[in-house]
A.B. asks: 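Pasting a structure here, questions to come.
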Amino acid sequence: VTDVVEVALGERSYPVVVGRGVLARFLDHVSLPDGAGRAMVVTQQPVVDAGHVAPVDAGLVDAGLEVHLHLVPDGEGAKDVAVLAELWKAAATIPLSRSDVIVAVGGGVVGDLAGFAAATYARGIAVIQVPTTLLAQVDAAIGGKTGINLPEGKNLVGAFHQPLGVVCDVDVLSTLPVREFTEGLGEVVKYGLIADPVVLDLIGSVDGDVRLRPDMLEELIHRSVAVKSEVVGDDEREGGRRAILNFGHTYGHAVETLSGYGEVLHGEAVAIGMVVALQLGQRMGRTPPEVVARGIAAIKSVGLPTVGPSLDREAVWQIMGRDKKADRGGVRFVLLDDVGAPVVVSPEPTDVDAVIGAFGQDQVG
Ligand SMILES: NC(=O)c1ccc[n+]([C@@H]2O[C@H](COP(=O)([O-])OP(=O)(O)OC[C@H]3O[C@@H](n4cnc5c(N)ncnc54)[C@H](O)[C@@H]3O)[C@@H](O)[C@H]2O)c1
């Protein structure tokens with residue numbers, strides 16, 4: 001089965017295709033720009049080695065396009081201005097015209113980088129996102145956020161640039177290292193908690209490795225994609241509601257930053273941040289204890305951590321953007337009034353301190 005979820009953004013609406021073995025026939029669902037003659041496929045070596053680029057190339061060639069492959073270095077370091085400049089030059093050398101297309105085949109790194117190249121080259125050309133990690137399929141590839149990092153901070157330079165389409169082939173996830181796969185499940189649990197209780201039921205019903213249940217995995221991805229697509233369609237530029245997607249990210253960001261790059265992966269940090277948000281909600285009398293228990297059970301059952309490293313509290317506040325004690329009441333957290341009922345609130349700093357303080361001691365004790 002192939003499912004197509006629409007991101008509804010008027011003239012810029014686009015399909016997110018979810019299915020098994022859809023790489024070679026994604027152009028059945030995604031229409032190319034009028035007059036497209038060339039495609040630059042941007043990817044990384046592990047994705048080529050895993051065999052996921054060849055079917056995409058074949059599909060583009062079948063559609064009559066001249067295909068150029070452009071490899072970027074592997075890892076987060078590729079979201080860099082020098083790598084971006086190489087991409088612009090490669091596009092100009094081919095040369096890509098305004099009606100041609102960039103195809104990003106890879107994880108969130110490739111999607112963000114190639115998406116930003118597409119947003120800026122020739123004042124913007126079309127991009128098709130072919131995410132090959134679970135995190136990118138359910139999150140990064142949908143919604144049009146693109147960008148690169150600076151030494152001063154992650155994702156500091158970027159643009160909104162919605163793709164022509166997003167192609168999520170469940171089968172490509174079989175070659176993903178297990179830790180990267182599990183990391184993506186954190187986002188899936190997030191969608192369950194903020195919007196779709198069925199996701200939590202499904203996770204609760206899997207006995208063992210969800211990767212051995214492709215039917216179930218496909219449904220989890222489909223439901224996650226549906227949540228993200230709906231929220232993005234409602235609030236493209238994060239003027240309001242899109243902020244609920246940051247559930248678990250306020251404290252998660254601090255964990256990720258303070259534990260050192262690569263120590264705690266983004267999805268693991270978000271899992272820890274979701275536990276903090278659940279406990280904070282309970283402390284504030286908003287989140288019912290059974291919702292807290294259900295969330296923690298889901299996080300555990302997918303193999304993600306529920307307790308994080310013990311962190312210096314002042315450093316945590318600094319990462320959350322509040323060096324000064326007087327400003328601390330303004331930090332925004334996404335909390336849950338119930339499963340499927342997220343709220344954005346600014347808690348009392350004493351409540352935040354109590355939860356993260358107890359959290360750190362848990363770990364030490
Ligand atoms: N734009 C957004 O809205 C958004 C949202 C969330 C995250 N992000 C960004 O996403 C990035 C993280 O993305 P990620 O977690 O996908 O990491 P990643 O892109 O670095 O991919 C992880 C690793 O897996 C390899 N890989 C990818 N697909 C594979 C496959 N099918 N088989 C084997 N290996 C494969 C990659 O080459 C890489 O080494 C961060 O830069 C983050 O800022 C963006």
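Counting starts at 1 for both ligands and their atoms, in listed order.
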A.B. asks: One thing to verify: whether Lys325 and Asp327 come together as a salt bridge, which I'm taking to mean a side-chain N less than 4.0 angstrom from a carboxylate O.
C.D. replies: no
A.B. asks: Is it the case that the side chains of His68 and Glu66 hold a donor-acceptor pair, with the cut-off being a distance below 3.5 Å and no angle test?
C.D. replies: yes
A.B. asks: Is any N or O atom of Lys145, backbone or side chain, closer than 3.5 Å to an N or O atom of ligand 1?
C.D. replies: yes
A.B. asks: Distance under 4.0 Å to a non-hydrogen atom of Glu76: what atoms of ligand 1 satisfy this?
C.D. replies: 40 (C), 41 (O)
A.B. asks: Taking heavy atoms and a distance under 4.0 Å, where does Val109 meet ligand 1: side chain, backbone, both or neither?
C.D. replies: both
A.B. asks: Pull out every atom of ligand 1 sitting under 4.0 Å from any heavy atom of Asp139, numbered as shown with elements.
C.D. replies: 5 (C), 6 (C)
A.B. asks: Measure from atom 26 (N) of ligand 1 to every heavy atom in Val48, Val47, Val232, Thr43 and give the option owning the shortest one.
C.D. replies: Val47
A.B. asks: Which protein non-hydrogen atom lies closest to atom 35 (C) of ligand 1, naming both residue and atom, and how far is it?
C.D. replies: Leu176 CD1, 3.6 Å
A.B. asks: For Asn149 and Glu76, test the side chains for any donor-to-acceptor distance below 3.5 angstrom and give the result as yes or no.
C.D. replies: yes
A.B. asks: When you compare the side chain of Pro349 with that of Trp317, does any pair of heavy atoms fall below 4.5 Å?
C.D. replies: yes
A.B. asks: Which is it for Thr146 and ligand 1 at heavy atoms under 4.0 Å: side chain, backbone, both or neither?
C.D. replies: neither
A.B. asks: Identify the closest protein heavy atom to atom 28 (N) of ligand 1: which residue and atom is it, and at what distance?
C.D. replies: Thr132 OG1, 2.7 Å
A.B. asks: Of all the atoms in ligand 1, which lie at a distance below 4.0 Å from a heavy atom belonging to Pro46?
C.D. replies: 37 (O)
A.B. asks: To the closest 0.5 Å, what do you measure between CG (Leu311) and CD1 (Ile319)?
C.D. replies: 9.5 Å
A.B. asks: Give the atom numbers and elements of ligand 1 that come within less than 4.0 Å of a heavy atom of Asn155.
C.D. replies: 43 (O)
A.B. asks: To check your reading of the model: name the closest protein heavy atom to atom 12 (C) of ligand 1, its residue, and the distance in Å.
C.D. replies: Leu135 CD2, 3.8 Å
A.B. asks: Test your reading of the model: is there a side-chain donor-acceptor pair from Asp100 to the backbone of Ala36, 3.5 Å cut-off?
C.D. replies: no
A.B. asks: Name the residue from Arg283, Arg328, Arg286 that meets the salt bridge (Lys or Arg N to Asp or Glu O under 4.0 Å) definition with Asp351.
C.D. replies: Arg283
A.B. asks: Return yes if a side-chain donor-acceptor contact under 3.5 Å exists between His52 and Thr175, otherwise no.
C.D. replies: yes
A.B. asks: Of the protein's non-hydrogen atoms, which lies at the shortest distance from atom 43 (O) of ligand 1, and what is that distance?
C.D. replies: Lys79 NZ, 3.0 Å
A.B. asks: Flag the pair Leu164 / Tyr14 as yes when at least one side-chain heavy-atom distance between them is below 4.5 Å, and no otherwise.
C.D. replies: no
A.B. asks: Tell me if a side-chain donor or acceptor on Asp312 pairs with a main-chain N or O of Ala315 at a distance below 3.5 Å.
C.D. replies: yes
A.B. asks: Can you report which non-hydrogen protein atom sits closest to atom 33 (C) of ligand 1, along with the distance?
C.D. replies: Thr175 O, 3.2 Å
A.B. asks: State whether the side chain of Tyr191 and the backbone N or O of Val138 hold a donor-acceptor pair below 3.5 Å, judged by distance alone.
C.D. replies: yes
A.B. asks: For side chain to side chain donor-acceptor pair (under 3.5 Å), just list the numbers for Asp169 and Gln137, CA-CA rounded to whole Å, side-chain angles, deciding distance to a tenth of an Å, and then say yes or no.
C.D. replies: CA-CA 8 Å; Asp169 189 333; Gln137 292 192 350; over 6 Å; no
A.B. asks: Checking salt bridge (Lys or Arg N to Asp or Glu O under 4.0 Å) between Lys228 and each of Asp235, Asp234, Asp139, Asp196, which is the one that passes?
C.D. replies: Asp139
A.B. asks: If hydrogens are left out, which of Gly143, Ala141, Ala140 has an atom nearest to atom 8 (N) of ligand 1, that is, the closest non-hydrogen atom?
C.D. replies: Ala140
A.B. asks: Does the pair Lys79 and Asn155 meet the rule for a side chain to side chain donor-acceptor pair (under 3.5 Å), with working shown?
C.D. replies: CA-CA 8 Å; Lys79 282 172 58 173; Asn155 299 322; 2.6 Å; yes
A.B. asks: I need the atoms of ligand 1 closer than 4.0 Å to a non-hydrogen atom of Asp74, numbered in the order shown.
C.D. replies: 36 (C), 37 (O), 38 (C), 39 (O)
A.B. asks: Under 3.5 Å between any N/O of Asp112 and any N/O of ligand 1: does that happen in this structure?
C.D. replies: yes
A.B. asks: Does even one non-hydrogen atom of Gln45 get within less than 4.0 Å of ligand 1?
C.D. replies: no
A.B. asks: Which atoms of ligand 1 are found less than 4.0 Å from any heavy atom of Gln44?
C.D. replies: 36 (C), 37 (O)
A.B. asks: Tell me which protein heavy atom sits closest to atom 16 (O) of ligand 1, plus the residue, atom name and distance to 0.1 Å.
C.D. replies: Thr133 OG1, 2.6 Å
A.B. asks: How far is atom 22 (C) of ligand 1 from its nearest protein heavy atom, and which residue and atom is that?
C.D. replies: Glu180 CG, 4.0 Å
A.B. asks: When only distance counts, is Pro177 in polar contact with ligand 1, meaning an N/O pair under 3.5 Å?
C.D. replies: no
A.B. asks: Quick check: Gly108 and ligand 1, any N/O pair under 3.5 Å apart?
C.D. replies: yes
A.B. asks: Short N/O distance, under 3.5 Å, between Ile142 and ligand 1?
C.D. replies: no
